[in-house]
J.: 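Sharing a structure, written as structure tokens. Questions coming.
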There are 2 protein chains.
Amino acid sequence: MSKLQVDQIRSFNRTVTRRIGVLEDSYLRRGRPLGEARLLFEIGPEGAGLGALRSRLGLDSGYLSRMLRSLETHGLASVDKLDGDARSRFATLTEKGRAEHAAYDALSDDLANSILEPLSPAAQDRLVAAMAEVERLLTAAAVTIGEEDANSADAQQCMALYIEELATRFEEGFDTSKGNSVSGSEFIRPHGSFLIARLDGSPAGCGAVRMLDAATAEIKRMWVAPSARGLGVAGRMLHKLEEIARELGAQTVYLDTNRALREAQSLYKRDGYAEIKPYNDNPYADHWFAKRL
Amino acid sequence: MSKLQVDQIRSFNRTVTRRIGVLEDSYLRRGRPLGEARLLFEIGPEGAGLGALRSRLGLDSGYLSRMLRSLETHGLASVDKLDGDARSRFATLTEKGRAEHAAYDALSDDLANSILEPLSPAAQDRLVAAMAEVERLLTAAAVTIGEEDANSADAQQCMALYIEELATRFEEGFDTSKGNSVSGSEFIRPHGSFLIARLDGSPAGCGAVRMLDAATAEIKRMWVAPSARGLGVAGRMLHKLEEIARELGAQTVYLDTNRALREAQSLYKRDGYAEIKPYNDNPYADHWFAKRL
DNA sequence: CTCATTACCTGACTTTAGTCAGGTAATTTG
DNA sequence: CAAATTACCTGACTAAAGTCAGGTAATGAG
């Protein structure tokens with residue numbers, strides 16, 4: 001992280017927030033307070049629950065309530081009871097509200113066009129490609145990976161999704177009872193550890209280590225949610241797991257994998273793992289790897 | 001401008017304003033209203049005139065006055081008479097204010113680091129490169145080119161800078177009286193036209209056309225400010241001038257150039273101009289070009 | 001069935017941001 | 001030198017944004 005890199009990022013922040021921010025402001029107000037405009041946009045044609053709106057926009061409950069009332073009195077939205085829980089309420093746009101939403105949508109398009117329009121087609125392509133790259137990498141940078149309790153609800157959810165994926169991807173299917181599954185307590189220090197990757201708070205992947213003997217660790221349950229793939233999450237996860245293995249006293253790390261998981265195999269090889277003879281009798285394993293730390 | 005491009009830009013705007021905006025907010029407030037924080041930052045260690053602050057931050061005179069008073073009462077800044085014009089005043093940071101500024105500066109660096117830190121070195125390089133590209137192209141997109149009065153102060157200023165540049169770049173120097181200079185009135189419709197490129201309001205380049213005869217136009221005075229080079233401004237300028245020439249009835253466009261202006265020559269060639277025999281006796285011209293519209 | 005919790009609402013605030021109509025002193029212009 | 005202009009200040013506003021301390025009805029836990 002050189003001074004030059006940091007300066008480039010700071011300069012980018014200034015330029016982009018200035019150029020885009022100013023445009024957004026002028027394009028997206030439509031004579032309405034920005035808060036209400038955002039709320040209208042966030043409700044969207046499909047409607048949204050109040051709780052979801054509150055958390056997405058980071059609003060105080062009272063503030064949201066008042067803004068919704070304002071949208072209602074302007075005939076733009078209606079708030080009704082949600083079937084199921086009579087406490088929860090659900091906001092929907094009226095006909096007029098949907099028209100406003102469509103207008104905002106069109107303005108957003110205009111805004112994007114106003115950025116592209118002055119550029120030559122080649123420059124347009126370059127801008128769009130660079131934007132995609134920035135977006136992808138900013139998202140990647142927003143992924144956090146931390147040690148968490150292997151028995152937490154989020155951990156269980158990740159594991160369930162992981163198993164579901166194995167079941168669809170393994171040619172032979174996947175039966176939980178047959179895999180040499182390991183209980184959550186094996187992934188708690190000092191026996192092991194469990195990592196969860198999160199993007200904006202929601203789980204986006206997991207990974208676990210446990211000690212096989214005093215000098216050997218095994219990595220298991222490495223999984224990245226489809227929405228977070230291509231961001232280098234698996235690589236970071238693997239490094240963190242190795243670091244923990246080292247802390248726990250391991251000098252060597254083992255892991256096994258199924259032949260269907262090709263991207264996993266190439267990750268392991270890239271990271272310095274070498275294929276070894278089977279070190280277990282996992283019926284779903286086709287390849288076994290080891291790496292000296 | 002395909003739907004896909006527009007969608008990518010909208011998605012970029014959302015992601016960047018969310019990720020960067022939220023970070024900036026939390027990093028850069030330091031328990032102070034954002035307006036005051038920005039003002040403090042904008043005054044900077046060197047201080048700044050109130051007029052400059054007003055225009056840079058787009059503030060109402062009364063509002064700025066009050067915010068400065070607030071900074072003063074918190075012991076962060078002081079406002080003194082500027083020597084020269086006793087009406088103008090100049091804001092400076094106190095010791096304490098400079099410390100705050102340094103803290104903001106450090107936080108800005110932290111923010112940038114917090115974005116880079118989770119990424120691998122290779123990804124860091126890609127992010128920084130993509131950010132530079134986005135910034136460059138967004139700046140390019142913000143350049144406007146429009147017809148203006150060739151006798152306006154800004155036009156004269158551009159021309160003066162243009163001539164200054166010729167004087168330093170031509171091996172033989174440049175003497176205004178010898179060049180077949182053309183008065184501003186030649187660049188007024190229906191004889192011709194004058195374009196000024198602007199970035200955030202300030203002139204960043206110019207270009208002119210005039211009719212040599214009923215079917216032939218000549219392009220002159222093409223110049224782009226050093227700060228706006230590499231953004232494709234010259235190309236856009238050239239196209240606009242050709243468009244105007246067409247409107248004025250031209251079927252052919254002529255132009256001449258000095259051998260020292262190599263980037264201009266390559267632009268003309270790229271744009272379809274072919275070298276021709278001298279069509280004038282401009283002592284500074286080494287190459288003459290023509291293009292059929 | 002009781003009590004705590006949840007999901008939302010209401011009223012009463014405060015702070016921030018921003019505008020507008022004058023005012024004063026210094027300076028420039030004709 | 002008078003009149004206009006400039007550079008800033010002051011007071012009196014408004015609107016938007018956000019916070020806080022209670023409420024109420026529905027729901028869930030023991």
Side-chain angles (χ1 to χ4, degrees), chain A residues 17-18 21-22 24-26 28-43 47-74 76-92 104 153, chain B residues 17-18 21-22 24-26 28-43 47-74 76-92 104 153:
Chain A
T17 48
R18 259 226 340 266
V22 169
E24 294 227 305
D25 237 52
S26 61
L28 303 181
R29 290 197 88 108
R30 290 181 60 76
R32 210 186 309 285
L34 214 80
E36 280 180 31
R38 267 203 281 266
L39 178 56
L40 178 73
F41 199 85
E42 201 63 36
I43 296 173
L50 299 209
L53 290 174
R54 249 192 338 261
S55 76
R56 282 211 295 262
L57 294 167
L59 295 172
D60 171 88
S61 143
Y63 192 18
L64 173 67
S65 186
R66 246 178 294 271
M67 282 208 288
L68 279 171
R69 210 71 346 102
S70 165
L71 289 183
E72 274 184 323
T73 57
H74 288 90
L76 295 164
S78 68
V79 181
D80 324 86
K81 293 235 174 297
L82 191 72
D83 25 61
D85 188 333
R87 290 168 305 176
S88 298
R89 310 226 290 150
F90 193 84
T92 345
Y104 279 114
Chain B
T17 47
R18 259 227 339 266
V22 169
E24 293 229 303
D25 237 53
S26 61
L28 303 181
R29 289 197 88 109
R30 290 179 62 72
R32 211 187 308 287
L34 215 80
E36 280 181 30
R38 266 204 282 265
L39 178 54
L40 178 73
F41 199 85
E42 200 65 34
I43 295 174
L50 299 208
L53 291 173
R54 247 189 342 258
S55 76
R56 283 211 295 261
L57 294 167
L59 294 173
D60 170 87
S61 143
Y63 191 20
L64 172 66
S65 186
R66 245 178 294 270
M67 282 207 288
L68 279 171
R69 209 74 341 107
S70 164
L71 289 182
E72 274 185 324
T73 58
H74 288 90
L76 295 163
S78 68
V79 180
D80 323 85
K81 292 234 174 301
L82 191 72
D83 25 60
D85 187 332
R87 290 167 307 178
S88 298
R89 310 226 292 149
F90 192 84
T92 345
Y104 279 115

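Below, chains carry the letters A, B, ... as their sequence lines are ordered, and counting in each starts from 1. If you're wondering where the values come from, they're calculated on a predicted model, not measured in any experiment.
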J.: Please, what dot-bracket string fits DNA chain C when only Watson-Crick and G-U pairs with both distances under 3.5 Å count, crossing ones use [ ] and pairs to another strand use |?
T.: ||||||||||||||||||||||||||||||
J.: Do any pairs count as a side-chain hydrogen bond (donor to acceptor under 3.5 Å, both in side chains) and have a residue in residues 30-41 of chain A, sequence neighbours left out, and if so which ones?
T.: R30(A)-E100(A), R32(A)-E100(A), R32(A)-Y104(A), E36(A)-S70(A)
J.: Residues in salt bridge (Lys or Arg N to Asp or Glu O under 4.0 Å) with R66(A), at least two apart?
T.: none
J.: Do nucleotides 8-21 of chain C as a string where each nucleotide becomes B, S or -: B if the base has a protein heavy atom under 4.0 Å, S if just the sugar-phosphate does, - if no protein is that close.
T.: BBBBB---SBSBB-
J.: If I compare all heavy atoms of I43(B) with all of A91(B), which pair ends up nearest, and what's the gap?
T.: CG2-O, 3.6 Å
J.: Side-chain contact, heavy-atom cut-off 4.5 Å: L82(B) with L50(B)?
T.: no
J.: What pairs with S65(A) under side chain to side chain contact (heavy atoms under 4.5 Å, CB included), at least two apart in sequence or on another chain?
T.: R69(A)
J.: How far apart are the closest heavy atoms of E72(B) and V79(B), and which atoms are they?
T.: OE2-N, 3.2 Å
J.: For residues 52-62 of chain B, run the donor-acceptor check on the side chains, cut-off 3.5 Å, and write out each pair with its distance to 0.1 Å, sequence neighbours left out.
T.:
residue, atom, partner, partner atom, Å
S55(B), OG, A52(B), O, 3.2
R56(B), NE, E42(B), OE2, 2.5
R56(B), NH2, E42(B), O, 3.3
D60(B), OD2, G62(B), N, 2.7
D60(B), OD2, Y63(B), N, 3.1

J.: What distance separates T92(A) OG1 from L76(A) CG, expressed to the nearest 0.5 Å?
T.: 12.5 Å
J.: Starting at the 5' end of DNA chain C and moving along, which residue's nearest nucleotide shows up first, D85(A) or A86(B)?
T.: D85(A)
